[in-house]
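See structure below.
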Amino acid sequence: MIFNLLNLPLKKHQHYYFVLVAALLLLLVPQVQSQQLRFNKTQVDQGYNFQYQWLDHGNSKQALNFTLSEEGLFNRFRQFKTYQSSYAQKTILRRIKKAMQQEPISGVQIRYKQHQHHFFIEVNGIDKVKVDQAYQRLNELEDEITQQYFKETYYQAFTNYDQVSGVKVDHVSIANHSVEDLKSLKSLILEHVSIQNIRQVSNYVLAFVQSIPYSTLESRLTSSGAGFNPPLQVLWENQGDCDSKMTLTAALLRALMPRIKMALIYIDNHAFIGINIPAKSGEISIMHNNVSYLLAEPTGPALLPLGTLAPESELAINQGHYIAQDYHEVLSENIMAK
């Protein structure tokens, strides 16, 4: 990034100068790279066994050996596909038509029109009040049906920090629906770390996910979900982009700590996570909706512990160029006990 410092007032000049110097200094700091020592998967009864080995933040060898069901691996998100705007509009319009057939609005005529790939609804009638009421009802119905469609397909409307809007993967919903498939890892992970030490648990999960090979993130708002892998698919393919690895981390932490508050953090072409853990001196945190979140980078390959971000992520946080999405769902203790 190149800053135009010549025409800034002195205070702004100094502010951007120090931000730029800080960013350059961070770039000069050597970063330890995560290292996956082993990955293997073999088919077993009703599923697949996964074997992982990696080096953690203390350069100690860690290992996990677990089994995931075929249902979780291949069927859990069978409704999740790349988002196609024209298909979504057709589906929503078809459902609106069906609803109108079941509960017609008297005194008006409703026409459904298409222009290129866009669909429109037109209401005609003699009584302007009835026409306005019909439009109001149709708008409410469209909102309800759109939200239901997004819920079924794991997408959501999203606006980034500079007010560019679009449709993105609903990472919170996918994380929450992945927890049950990952619950078998809880007892295995707690053989290595204490559930009483939230930092230790979080850093263990971070190092594990950071060691999984990285694949490049497609544009969040224009890729239509292409390139995103749900958590078990990340494990199956042993790779994931930053959105995918963030979602896997959130699901694993939720499986381990059902009541922990988290936030998913989005910046340009990157994503990471916030965990409701008190920050220590020098660690990076944010306040969002009156909750403090210690920030963490699950993506890798840099092996960064809690409270440490990549230089571009820290710069985006300092400049306020991010969006935080709450992930506060508390899962049933019955699910976690299985």
Side-chain angles (χ1 to χ4, degrees), residues 26 29-41 49-68 175 178-179 181-215 229 231-232 234-257 260 262 264-265 270-285 293-311 313-314:
L26 284 168
V29 176
Q31 294 180 342
V32 178
Q33 301 295 296
S34 60
Q35 185 177 355
Q36 187 180 80
L37 303 177
R38 183 185 183 193
F39 168 72
N40 189 42
K41 61 186 178 189
N49 179 259
F50 291 77
Q51 296 176 334
Y52 278 91
Q53 285 185 356
W54 70 98
L55 294 180
D56 65 12
H57 301 119
N59 205 36
S60 297
K61 184 184 294 186
Q62 301 291 345
L64 275 178
N65 186 335
F66 54 88
T67 298
L68 298 174
S178 300
V179 171
D181 295 314
L182 295 168
K183 65 182 183 292
S184 62
L185 276 69
K186 181 174 182 177
S187 60
L188 300 173
I189 292 174
L190 296 184
E191 291 176 3
H192 302 275
V193 291
S194 170
I195 195 63
Q196 303 302 320
N197 191 326
I198 297 176
R199 282 179 165 269
Q200 194 179 63
V201 171
S202 300
N203 271 323
Y204 185 93
V205 171
L206 276 175
F208 168 57
V209 178
Q210 287 165 353
S211 74
I212 296 172
Y214 170 72
S215 59
N229 282 333
L232 268 64
V234 173
L235 298 174
W236 174 262
E237 295 185 4
N238 192 38
Q239 68 170 6
D241 62 20
C242 53
D243 282 7
S244 305
K245 296 178 79 173
M246 170 194 69
T247 307
L248 170 61
T249 302
L252 281 169
L253 291 175
R254 176 64 75 238
L256 287 158
M257 300 177 288
I260 194 78
M262 292 180 277
L264 309 184
I265 315 296
H270 191 48
F272 42 97
I273 196 166
I275 311 169
N276 183 213
I277 301 172
K280 294 181 179 180
S281 177
E283 293 181 333
I284 304 169
S285 64
Y293 295 101
L294 184 61
L295 302 182
E297 291 265 17
T299 301
L303 199 55
L304 302 175
L306 278 169
T308 305
L309 296 181
S313 301
E314 184 172 357

Problem - Trp54/Phe39 aromatic ring centres below 6.0 Å - result: no

Handout entry: Tyr52 and Phe50 aromatic ring geometry - parallel, tilted or perpendicular at 30°/60° bounds
Key = parallel

Handout entry: CD1-CG distance between Ile189 and Leu64, expressed to the nearest 0.5 angstrom
Key = 5.5 Å

Any side-chain heavy-atom pair from [X] and [Y] closer than 4.5 angstrom?
X	Y	value
Ile212	Leu235	yes
Leu256	Leu190	yes
Asp56	Asn203	no
Ile195	Met257	yes
Leu304	Leu309	no
Pro298	Leu248	no
Phe208	Gln62	no
Pro213	Asn238	yes

Problem - Distance-only donor-acceptor check, side chains Ser244 and Asp241, under 3.5 Å - result: yes

